Protein chains: 2
Amino acid sequence: MKPQQQSHALAYCGAARDILTIIGAKWSVLVVSLLEERAKRFSELKREIGDVTQKSLTTVLRELEKDGIIERVVTPIVPPRVDYSLTPLGRSLLVPIKSLRIWAMENHPAIVQSRSRYAEKEAA
Amino acid sequence: MKPQQQSHALAYCGAARDILTIIGAKWSVLVVSLLEERAKRFSELKREIGDVTQKSLTTVLRELEKDGIIERVVTPIVPPRVDYSLTPLGRSLLVPIKSLRIWAMENHPAIVQSRSRYAEKEAA
DNA sequence: GCATTCAGTATCCAACGGAAACTAAAGTCT
DNA sequence: AGACTTTAGTTTCCGTTGGATACTGAATGC
């Protein structure tokens, strides 16, 4: 979106989209949520998430690091040790994430139901 | 993610990811926000958003309709008229969206700053 | 010497998303 | 009569992104 085409009511749009790009990334909310408990290693995150590829996990961790949401600490030993933890900024992100999670829990059934209604409607 | 691989703490994950897939879609939050004011026509939304293609707008509107977040009302005249409006479910989604928007407004500068710090760090 | 661990890369391929052109159907202009 | 306009899309093409799989390097345990 070109800024000059936005209406006054949409001034927040750039920032909002930017944030949505972050938390909309496939594994970011899960990673942030897992790091709420404590700092964790790469392999630990991978194990806990289950079916995420190294590449995808690396990508999302790097992105969150760039954005200042997590911190990456490398201990140069062999085998290498890398710890990830939430920054204060990352910790503050837990607030809107929680709000979203609550909405998700409450309304997910309704969405699933709506989808199946739509599916059988278009099957007819 | 295969459900049986999730830890107990991540039971919400499926629902949360599902919701994030919706609101993470490129134009959905903007569309939902624009429909907060009142029901709007396809062309109206396209004009207000600015640089979205018909295809992308159609896709996101169809998706939000499937999920029961917006309602699509066709008036069979020529030229066709299609009105989109928020359902009660869609209206309830405005709550977490607002929470996210507030966080975005407050923390976007910090994120931008963190990114440029990262950029010059890796340039070195 | 061989396998394993850890934190990634590299390569390949499928899916998604955008740009631009096309469509239908009626009313209006010339 | 023929051309143009509007609305809400669809179609085709194409570039970028994201996932699956395989590979790397260095030390340690068997």
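Note that this is a predicted model, so its numbers are computed, not measured. Just so we're on the same page: letters track the sequence lines, and every chain starts at 1.
Rounding to whole angstrom units, NZ of residue A/Lys46 and P of C/dT5 are separated by 13 Å. Whole-Å rounding puts the A/Lys26 NZ to C/dA15 C1' distance at 12 Å. As a whole-Å value, the separation of B/Leu57 CG from C/dG17 P is 13 Å.
In terms of the side chain to side chain contact (heavy atoms under 4.5 Å, CB included) criterion, residue partners of B/Val74 (sequence neighbours excluded) are, by chain and number, B/Arg72, B/Val82. Taking the salt bridge (Lys or Arg N to Asp or Glu O under 4.0 Å) definition, one finds that A/Arg81 meets it with A/Asp83, sequence neighbours left out. Applying the side-chain hydrogen bond (donor to acceptor under 3.5 Å, both in side chains) rule to B/Ser43 yields no partners; only residues at least two apart in sequence or on another chain are considered. Applying the salt bridge (Lys or Arg N to Asp or Glu O under 4.0 Å) test to B/Glu44 and every residue at least two apart in sequence or in another chain returns B/Arg38. Every side chain to side chain contact (heavy atoms under 4.5 Å, CB included) that A/Val32 has, sequence neighbours left out, goes to A/Leu64, A/Ile69, A/Leu86, A/Leu94, A/Ile97. With sequence neighbours excluded, no residue forms a salt bridge (Lys or Arg N to Asp or Glu O under 4.0 Å) with B/Lys46.
First and last contacting nucleotides of DNA chain D toward chain A (any atom under 4.0 angstrom from a heavy atom, 5' to 3' order): D/dG19 to D/dA27.
The backbone N or O of B/Val29 sits less than 3.5 Å from a side-chain atom of B/Ser33, completing a donor-acceptor pair.
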Got a list of protein N/O to nucleotides 8-14 of chain C N/O distances below 3.5 Å?
| residue | atom | partner | partner atom | Å |
| --- | --- | --- | --- | --- |
| C/dG8 | OP1 | A/Arg72 | NH2 | 2.4 |
| C/dG8 | OP2 | A/Tyr84 | OH | 2.8 |
| C/dG8 | O6 | A/Gln54 | NE2 | 3.4 |

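OP1 or OP2 of C/dC6 has not a single side-chain nitrogen or oxygen of A/Arg81 nearer than 4.0 Å.
Positionally, the nearest nucleotide of DNA chain C for A/Glu44 lies more toward the 5' end than for the other of A/Glu44 and B/Thr59.
Under the side-chain hydrogen bond (donor to acceptor under 3.5 Å, both in side chains) criterion, the residue pairs touching residues 55-64 of chain A are A/Thr53-A/Ser56, with sequence neighbours excluded.
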